[in-house]
Amino acid sequence: MPGDTAPHVVEDFFGVIRLLSDGSVVRADQAVLMRAEPPFLDVPGVQWKDAVYDAARGLKVRLYRPSPSSVAAGEGGSINNKLPVLVHFHGGGYCVGSYDQLGGADYLRRRLAADLPAVVLSVQYRLAPEHRLPAAIEDGAAFLAWLRAQAALGAGAEPWLAESADFAWTFLSGVSAGANLAHHLAVRAGSGQVALAPVRLAGCALLSAFFGGVERTAAESDPPDGVSLTVEMADQLWRMALPEGATRDHPLANVFGPDSPDLEPVALPPVLVEAPEVDVLRDRVLLYAARLKEMGKAVELAAFKGEQHGFSVLRWGEANEELIRILKRFVGQMK
């Protein structure tokens, strides 16, 4: 009928997210986004459980740790068998994914817990477009405040943290959007916006970081064959994740954009940057590492020839084993 203003779909992300013109969101099972994968094997000796870190928003963290009996002094832990803490944020363009996602994401976290070894904390954060950025960044900051409070409690902390965590040996990590989130939290901490003590941020591990920008890079203009994330997918995710009306030059997408803060005075910890070759974001990741090096920051670049964006959670092969070895060495040398 004339004048009918019924909401219509303005964004449709593979049927999993439908954003309507009135701002409402209809979600379907995101499992349809998962490609057929070979079954991931169990990782013996790794325990896990969930805890709530933000009761008001119902946000949780999944804790993974190797069983205490499997950790011997001198094999990754400190002399008192305390382990490094790896705070980990999942990927999904800030719009999909979850802290408790199974498959490759869960397998990666289990392997990190077992092989580093480490206490791995998989953090839930609110998703866009229901909660546009900076909601996820604020959730990450809230988690760090919770972790700081746990460290201050000592023996009164969450039991697994009290028993196993060396808070002075803490890392921020993430895959794709999770790596973007980890970067922004490190900047907040390094610029004094987020207090951490007695937690000490020893390093960051950014895997297939999800960065953006209005001006196309060479890899975005001429994408390599076989990418797992297309330019169109990345654009759509940024449209749904960023504040309404923002462009991809928003500081949360383009960390070297016209309105982005200067990173040179920021006290960033050492950063490990994983850069897969078959990725439309490859040039942005390489530029990130190069610019930080130019500023005198401690940066290690781990390039993976023939691998796709997010390969660490898509399947498991020799590249993943190499990534685990690199992470183990990186974490070990930051003690």
Side-chain angles (χ1 to χ4, degrees), residues 53 61 63-66 71 73-89 108-109 111-123 137 140-141 143-154 157-158 160-175 178-207 209 263 265-274 288-289 292-293 295-302 312 323-335:
Y53 77 86
V61 55
L63 297 86
Y64 297 82
R65 70 168 183 178
V71 179
E75 295 183 4
S78 54
I79 193 66
N80 58 359
N81 283 350
K82 293 294 182 72
L83 301 174
V85 176
L86 193 72
V87 178
H88 186 82
F89 299 98
L108 172 64
R109 296 189 295 262
R111 285 295 303 272
L112 291 170
D115 290 21
L116 294 183
V119 177
V120 178
L121 306 178
S122 177
V123 183
I137 312 297
F143 177 77
L144 292 182
W146 177 84
L147 190 66
R148 181 190 185 204
Q150 292 293 311
L153 286 172
E158 197 290 326
W160 281 14
L161 295 178
E163 294 167 9
S164 302
D166 184 344
F167 293 103
W169 197 9
T170 296
F171 296 79
L172 295 176
S173 69
V175 177
N180 178 292
L181 203 167
H183 160 80
H184 287 294
L185 290 179
V187 170
R188 286 196 178 194
S191 58
Q193 299 175 60
V194 172
L196 289 179
V199 172
R200 181 182 73 91
L201 186 55
C204 290
L206 309 186
L207 312 182
L263 298 182
V266 178
L268 290 175
V271 182
L272 172 67
V273 178
E274 172 243 85
Y288 175 82
L292 290 189
K293 282 187 177 180
M295 296 174 192
K297 311 298 184 188
V299 181
E300 178 179 343
L301 178 66
S312 60
L323 177 60
I324 291 288
R325 289 190 288 268
I326 291 170
L327 286 164
K328 181 180 177 69
R329 177 180 47 75
F330 177 74
V331 168
Q333 68 189 14
M334 299 305 165
K335 180 69 174 75

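Predicted model, so just to flag it, every value in this text is computed and none were measured. Residues: numbered from 1 along the sequence shown.
Atom CG of N180 is separated from atom CG of L206 by 9.0 Å, given to the nearest 0.5 angstrom. Note that CG of L263 and CE of M295 are 5.0 Å apart. Values are rounded to the nearest 0.5 Å. Between the CG atom in L147 and the OH atom in Y53 there is a gap of 11.5 Å [rounded to 0.5 Å]. Remark: L272 CG to R329 CZ distance equals 7.5 Å, nearest 0.5 Å. With values rounded to the nearest 0.5 angstrom, T170 atom OG1 is found 8.5 Å from L196 atom CG.
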Full working for side chain to side chain donor-acceptor pair (under 3.5 Å) between H88 and S173: CA-CA 5 Å; H88 186 82; S173 69; 3.0 Å; yes
Kindly determine whether Y288 and H183 satisfy side chain to side chain contact (heavy atoms under 4.5 Å, CB included), including the steps that lead there. CA-CA 11 Å; Y288 175 82; H183 160 80; 2.8 Å; yes
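Judged by distance alone, the side chain of R65 and the main-chain N or O of A118 form no donor-acceptor pair under 3.5 Å. Judged purely by atom type and a 3.5 angstrom limit, Q150 has no side-chain atom pairing as donor or acceptor with the backbone of L161.
Of the charged side-chain nitrogens involved, at least one lies within less than 4.0 Å of a carboxylate oxygen, so that K335 and D166 count as a salt-bridged pair. The residues K293 and E300 are annotated as not salt-bridged, no charged nitrogen and carboxylate oxygen being separated by less than 4.0 angstrom. A salt bridge between E163 and K82 is absent, with no side-chain N of the basic residue lying under 4.0 Å from a carboxylate O of the acidic one.
Residues L144 and L172 form a side-chain contact, since some pair of their non-hydrogen atoms from C-beta on lies under 4.5 Å apart. Counting heavy atoms from C-beta on, the side chains of P270 and F330 come closer than 4.5 Å.
Residue L112 forms a side chain to side chain contact (heavy atoms under 4.5 Å, CB included) with just one option from V331, V120, L323, and that option is V120.
What you find for A151 and P198 is that their closest heavy atoms are CB-CG, 3.7 Å.
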